[in-house]
Number of protein chains: 2
Amino acid sequence: MATIHDVARLAGISRTTVSRVLNCHPYVAEEKKQKILNAMKQLNYVPNSSAQRLRKVKTDTIAVFVPRITNPFFSHLVEVMENEAAMYGYQLILCQTQYSKKQEVKFLELLRTKQVDGVILTSIENEWRHVQPYVNEGPIVICNEYDDEAHVPSIFLNQVEGGYLGTKHLIERGYKKIAYCAGSERRSRLTRDRRKGYELAMKETGLDINEDWYQYNAISIEDGKKVFHRIKALKNRPEAIFTGSDEVAAGLLKAARDSGWRVPEDLAIVGFDNQPLAELLGLSTVKQPIEDMARHTMQEMIRAIQGKDHKKVTNLSFTLIHRTTT
Amino acid sequence: MATIHDVARLAGISRTTVSRVLNCHPYVAEEKKQKILNAMKQLNYVPNSSAQRLRKVKTDTIAVFVPRITNPFFSHLVEVMENEAAMYGYQLILCQTQYSKKQEVKFLELLRTKQVDGVILTSIENEWRHVQPYVNEGPIVICNEYDDEAHVPSIFLNQVEGGYLGTKHLIERGYKKIAYCAGSERRSRLTRDRRKGYELAMKETGLDINEDWYQYNAISIEDGKKVFHRIKALKNRPEAIFTGSDEVAAGLLKAARDSGWRVPEDLAIVGFDNQPLAELLGLSTVKQPIEDMARHTMQEMIRAIQGKDHKKVTNLSFTLIHRTTT
DNA sequence: TTGTAAGCGTTATCAA
DNA sequence: TTGATAACGCTTACAA
């Protein structure tokens, strides 16, 4: 493997000047530049990036944390982030926390050991005080989630709005007994706010909320099925349900139909995200502007790496998509 | 940021010995080891991985190529690969080729610039002769795809079987006019073999194949819808269709129903992969052992990095899952 | 406009 | 069992 030294020797020019050509410095005579470029081509030279990293203290690599990449919401985020990162010459390291605090911390060490220039969190498992120390090691940007303690660039949506929008839609369609179903039990701002939106819409309309109608820890399709069976077992059943994801809504829908229920007549369902699945199943859903979030996040990350101050927190909005489950 | 030098100084011991502790070398006095460990803790020391990379010529990083991470087949592969890699202390760099030859080559450069220890290809855009030169730069392992020219560890399924299984199922359910729908048009072994399986099943039973029944370039849900409309426009319509993915099958199903067709009465559909979506929609499908493939692939990769010779190409098998679309 | 020389933080070699 | 010392391949003052 040819090194910068070999190139310099073959071209009869110093290593410094070769490095200058590599880094597009000004002040290199065109003639020598050509000689060097020739030598590089001849030796099939490529700079050794480990050496560059060490010297420049820069990895051109960004870590993206997601719970699991098979969750379509997160894979969509990551898809766009990777494309965006590649445009700016950055690579993405995929970190699946698997909803584990321990895994999350393990991956945060990447920042401390200088394996990445920055970390993007799309979901946060630990309380912020456990993440905070890593802020000194390099830029951390939050996407989707948010935390009041976290004073780092954050790209998120006002989830009060999201919860409100979905619930309001159900109310407008005439449902009165509306259940609420959320993802993680963890007291994140996101979860709290979305629920706040639900309660706001209910109270605003003077509708009662039954404690039994709160369902938590629903993330996957299977979880959705379980939620249905819990609801089915209630004495005071809701007529409609707001869910935190299209997967959960899909599971609910499947289990309901398998039990002979008609949707939306026996139970109306609203999903969240507007994934391809939602269209296929005819799920009414609250659409999140995933691509915009991902793009903004990556841009903030790159700004942060470049030491620029971050722009005001972006605030994008939701859209309700009405299909056949409401 | 503390360096090995600081630790050595604080412990009053040489850098060499500190490095020995770091690398779990034998021959370090327990007493000194403790002193060093203390100093490390006190200084909050972590080794600088850029320096380690440079010195060890090892990155502990593996690149995984997929067309797009939002394709559930590939995200499932990547999920398992990442988990497996993490277990062995490796990180994954996500490379989305976006079905582009150019992108693929760009990412292959990661191997040449020593940014990764190896590359896993889950789909191949370029002809093998364009990939071949990179084999000298580091281990390349193929997963899912395969190529006769490629003499590298390859983990794949016998797609003749897959095509045969799905088609045979349709035949056994009594369909005679069966169409065939495949992903990329590129003449990959995978595509050719799966088609071979289809033709084998048809010929074996003495069934005719109409040239119009071959549909290509179908990857996404949207593609599936298009395929339906092409089929609908045929004079000699098939009664059933074998598709190369659950997404395409889902698109077909949706478009068919939107056009008022009954499935399977007016058109039977077989998918491929057995993704969550397949269960939700009641799609009959050919299940691939994705997790096994991913795990085997990562193990082969790690063996290859360690310079071990690779085991015989693994050969796993398909299962047919019968639901309601056939 | 170019070159010399001094690191960046590790680890491998060799001698003690 | 330990420590000096020389790399690994590159960039960047500084000097010319």
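Each chain gets a letter, A, B and so on, in the order its sequence line appears, and its residues count up from 1. Predicted, not measured: the structure shown is a model, and the values here were computed from it.
- The stretch residues 32-48 of chain A comes close to DNA chain C through Lys32(A), each having a heavy atom under 4.0 Å from the strand.
- As judged by a 4.0 angstrom heavy-atom cut-off over every strand, Val57(B) is placed among residues making no nucleic acid contact.
- In this structure, the side chains of Leu108(B) and Phe65(B) come closer than 4.5 Å at one or more pairs of heavy atoms.
- Only Arg15(B), Thr16(B), Ser19(B), Leu22(B), listed by number, bring a heavy atom of residues 13-22 of chain B to less than 4.0 angstrom from any atom of DNA chain C.
- Applying the side chain to side chain contact (heavy atoms under 4.5 Å, CB included) test between Met301(B) and each of Asp117(B), Ile155(B), Ile62(B) identifies Ile62(B) as the sole match.
- Here dG9(C) presents its P atom at 17 Å from NZ of Lys56(A), a figure rounded to the nearest Å.
- Taking atom OH on Tyr27(B) and atom P on dT11(C), their separation rounds to 20 Å, with Å as the unit.
- Taking 4.0 Å as the cut-off between side-chain N and carboxylate O, Arg189(B) and Glu145(B) do not count as a salt-bridged pair.
- Nucleotide dA6(C) holds its P atom 18 Å from the CG atom of Leu54(A), rounded to whole Å.
- Comment: Glu79(B) engages Arg68(A) in a salt bridge, judged by a side-chain N to carboxylate O separation of less than 4.0 angstrom.
- Donor-acceptor pairing under 3.5 Å is lacking for the side chains of Ser100(A) and Thr97(A).
- Between Asn126(B) and Lys102(B), the side chains place no donor N or O within less than 3.5 Å of an acceptor N or O (distance only, hydrogens not considered).
- Residue Thr61(A) forms a side chain to side chain donor-acceptor pair (under 3.5 Å) with just one option from Arg53(A), Gln115(A), Lys114(A), and that option is Arg53(A).
- Taking 4.0 angstrom as the limit, Gln52(B) places none of its side-chain polar atoms (N or O) nearer than this to OP1 or OP2 of dG9(C).
- Although no hydrogens or angles enter the test, the distance criterion places no donor-acceptor pair under 3.5 Å between the side chain of Ser154(B) and the main chain of Tyr146(B).
- Electrostatic pairing of Arg112(A) and Glu109(A) counts as a salt bridge here, judged by a charged N lying under 4.0 Å from a carboxylate O.
- Here the C1' atom of nucleotide dG3(C) and the NE2 atom of His5(A) are 13 Å apart, to the nearest Å.
- Leu121(B) places a side-chain heavy atom less than 4.5 Å from the side chain of Ile140(B).
- Nearest-nucleotide mapping onto DNA chain D: of Ala51(B) and Val28(B), the residue sitting toward the 5' end is Val28(B).
- Between the base of dA7(D) and the side chain of Arg55(B) there is a donor-acceptor pair shorter than 3.5 Å.
- Residues Trp128(B) and Val135(B) form a side-chain contact, since some pair of their non-hydrogen atoms from C-beta on lies under 4.5 Å apart.
- With rounding to whole Å, Lys114(A) atom NZ is found 16 Å from dT10(C) atom C1'.
- Atom C1' of nucleotide dC8(D) and atom NZ of Lys58(B) are separated by 16 Å, given to the nearest angstrom.
- Proximity of Val119(A) to Leu110(A): side-chain heavy atoms (C-beta onward) are nowhere separated by under 4.5 Å.
- Between the NE2 atom of His25(B) and the C1' atom of dT11(C) there is a distance of 8 Å, given to the nearest Å.
- The stretch residues 105-113 of chain B has no heavy atom under 4.0 Å from DNA chain C, so no residue of it qualifies as close.
- The nearest whole Å value for the distance from the CG atom in Asp6(A) to the C1' atom in dC10(D) is 13 Å.
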